[in-house]
Visitor: 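Below are the structure tokens for one structure; questions will follow.
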Amino acid sequence: MEGNLVIFGIFVMPLLLAGFAVLLKHREKMARLQATSAPDSQVSARVAQLEKQCAALQEQIKEIHFQLADEKRQLDLKLQQHLDQPIAAPGEERKTIGASRVQQQ
């Protein structure tokens, strides 16, 4: 019986004390982190603000996309008038300038 107490005192007890010390340090560290973190109300307000900014940026991107599509359409019309020939629709094969000369050779 005394042999078991000696083994417990020599090997197991130091491990238990070391584990308890690690646990206390971990709890102290977590308490410090929680104390320095922002409250939930501040975080949710910041998230709401960021969502509004993202929505505004999405609207700006959408408007720019429409403007670019309009400019492309206008440029295609100008090119069609300049070349005095129809321009292939998207998905169709487009003719390039000088393609007839290459095919004739």
Side-chain angles (χ1 to χ4, degrees):
M1 177 84 172
E2 288 179 18
N4 289 338
L5 287 176
V6 171
I7 291 175
F8 181 77
I10 293 175
F11 297 111
V12 178
M13 191 64 132
L15 291 175
L16 288 175
L17 290 175
F20 188 69
V22 169
L23 176 68
L24 288 179
K25 285 184 180 182
H26 173 72
R27 290 185 68 186
E28 179 185 344
K29 183 178 177 181
M30 293 304 294
R32 220 178 315 120
L33 285 174
Q34 287 177 352
T36 59
S37 66
D40 290 337
S41 61
Q42 288 179 346
V43 171
S44 61
R46 178 71 176 145
V47 168
Q49 180 186 11
L50 290 173
E51 286 177 349
K52 288 179 185 177
Q53 288 177 351
C54 285
L57 287 173
Q58 284 176 342
E59 285 298 318
Q60 289 176 356
I61 290 171
K62 199 182 301 183
E63 289 175 15
I64 290 171
H65 175 72
F66 289 137
Q67 288 175 355
L68 287 174
D70 288 340
E71 286 181 26
K72 180 185 177 290
R73 199 173 311 118
Q74 290 172 357
L75 289 172
D76 285 343
L77 290 174
K78 283 182 184 180
L79 182 62
Q80 182 179 3
Q81 291 170 357
H82 180 69
L83 296 176
D84 203 26
Q85 61 183 4
I87 295 178
E92 294 181 9
E93 190 174 318
R94 293 186 177 209
K95 295 182 180 178
T96 59
I97 299 174
S100 60
R101 283 187 273 152
V102 174
Q103 292 175 355
Q104 292 174 356
Q105 295 176 355

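These numbers come from a predicted model, not from an experiment.
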Visitor: Should Arg73 and Asp70 count as an ion pair when the cut-off is N to O under 4.0 Å?
Guide: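 Yes, this pair counts.
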Visitor: Are Leu17 and Val12 connected in a single hydrophobic cluster, I mean Ile/Leu/Val/Met/Phe/Trp/Tyr linked by side-chain heavy atoms less than 4.5 Å apart?
Guide: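 Same cluster: Val12 reaches Leu17 through Ile, Leu, Val, Met, Phe, Trp or Tyr contacts under 4.5 Å.
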Visitor: Go through Gln60 and Leu57 one step at a time and tell me if the side chain to side chain contact (heavy atoms under 4.5 Å, CB included) criterion holds.
Guide: CA-CA 5 Å; Gln60 289 176 356; Leu57 287 173; 3.6 Å; yes
Visitor: Could you go step by step and tell me if His26 and Lys29 meet the side chain to side chain contact (heavy atoms under 4.5 Å, CB included) rule?
Guide: CA-CA 5 Å; His26 173 72; Lys29 183 178 177 181; 5.6 Å; no
Visitor: Could you tell me the separation between the NE2 atom of His65 and the CD atom of Gln58, rounded to the nearest 0.5 Å?
Guide: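 If I round to the nearest 0.5 Å, the distance is 14.0 Å.
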Visitor: If you measure from CG on Leu83 to NZ on Lys78, what distance do you get to the nearest 0.5 Å?
Guide: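 Rounded to the nearest 0.5 Å, the CG-NZ separation comes to 14.0 Å.
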Visitor: May I have all residue pairs that pass salt bridge (charged side-chain N to carboxylate O under 4.0 Å, His left out) and include part of residues 51-66, sequence neighbours excluded?
Guide: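 Every salt bridge (charged side-chain N to carboxylate O under 4.0 Å, His left out) pair that includes a residue of residues 51-66, provided the two are not neighbours, is Glu59-Lys62.
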Visitor: Taking side chain as C-beta onward, heavy atoms only, is Lys72 less than 4.5 Å from Leu75?
Guide: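 No, side chains not in contact.
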